[in-house]
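What follows is a set of notes on a single structure, which appears directly below.
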Amino acid sequence: MDLASLIRDVPDFPQPGIVFKDITTLLQQPAALREVVDRFAERYRDQRIDAVVAIESRGFIFGGALAYQLNASFVPVRKAGKLPAETLQVAYDLEYGTAEVELHLDALEPGQRVLILDDLLATGGTAAAAVQLVEELGATVAGIAVVIELDFLHGRQKLGRHADLIHTLIHY
Ligand code: AMP
């Protein structure tokens, strides 16, 4: 299935100069939604993933289904101020603006094997922040899965030694 053809480019959103990769058009197609989840599940089925750490908010869309398929727990990384219990926080730069994400302190056990999941890798700041949160809790990053990677932003470089763990379905 040609997943790329189902992603809509929205120019100048959320600000001038940014081409927003809109996945809602992909999500509208049941077979495409299944294909994304199935392809990730196939890739990670034998990797002993204990937890899918999904990034708010579009990572959540695929994260629940993937955690179910992998028989793993679902752990949300959320924007600052959304998680109710005690958290760890990391601030970082975005393609547009800055952000802070957090993770519940008791969301992961030391030694657990984690798959980080988001819809899109742009500058890599969000994924790098998620890696930092996971490792600060003593868990191991076993993979970083994204539906879309914007190669021209070289986000992989920000992931340093974790760059090889990135698995992308669609490159631009
Ligand atoms: P970054 O931290 O720069 O890798 O940005 C990744 C996060 O921002 C992801 O959670 C994406 O959903 C969102 N994002 C950044 N750039 C875009 C874009 N051009 N289109 C859609 N989402 C984007």
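Counting begins at 1 with the first residue of the sequence. In each ligand, atom 1 is the first atom listed, and ligand 1 is the first ligand listed.
- The closest approach between any non-hydrogen atom of Gly155 and ligand 1 is not below 4.0 Å.
- Counting only residues at least two apart or in different chains, side chain to side chain donor-acceptor pair (under 3.5 Å) contacts with residues 125-151 comprise Tyr92-Thr126, Gln132-Glu136, Glu135-Arg161, Glu135-His162, Glu149-Arg156, Glu149-Thr168, Asp151-His171.
- For the pair Lys21 and ligand 1, the shortest N or O to N or O distance falls below 3.5 Å.
- Looking at Ile148, Thr126, Ile23, Asp118 and measuring to atom 9 (C) of ligand 1, the nearest heavy atom belongs to Asp118.
- The two atoms that bring Ala122 and Leu153 nearest to each other are O-CB, 3.5 Å, heavy atoms only.
- Residue Ala122 has at least one nitrogen or oxygen atom sitting less than 3.5 Å from a nitrogen or oxygen atom of ligand 1, judged on distance alone.
- In this structure, the separation between CG on Asp50 and CD on Glu109 is 9.5 Å, given to the nearest 0.5 Å.
- A heavy-atom distance below 4.5 Å is not found between the side chains of Val146 and Leu120.
- Close approach of ligand 1 to Gly124 is summarised as follows: ligand atoms under 4.0 Å from at least one heavy atom of the residue are 1 (P), 3 (O), 4 (O).
- The ligand atoms of ligand 1 that sit less than 4.0 angstrom from a heavy atom of Leu150 are 19 (N).
- If you check each of Val146, Leu120, Val101, Leu121 against atom 23 (C) of ligand 1, the one with the closest non-hydrogen atom is Leu120.
- Between Val19 and ligand 1, at least one N/O pair is under 3.5 Å apart.
- Side chains of Leu137 and Leu105 form a contact here, defined as non-hydrogen atoms less than 4.5 Å apart.
- Considering backbone and side-chain atoms alike, Tyr92 places every N or O at 3.5 Å or more from each N or O of ligand 1.
- Using a 4.5 Å heavy-atom cutoff, the side chains of Ile23 and Val36 are not in contact.
- At least one N/O-N/O distance between Thr123 and ligand 1 falls below 3.5 Å.
- Between Leu108 and Leu103 there is a side-chain heavy-atom pair separated by less than 4.5 Å.
- Partners of Tyr44 by ring pair (Phe, Tyr, Trp, His ring centres under 6.0 Å), not counting sequence neighbours: none found.
- Here is the list of ligand 1 atoms found below 4.0 Å of a heavy atom in Arg58: 11 (C), 12 (O), 13 (C), 22 (N).
- Less than 4.0 angstrom separates some heavy atom of Asp119 from each of these atoms of ligand 1: 9 (C), 10 (O), 11 (C), 12 (O).
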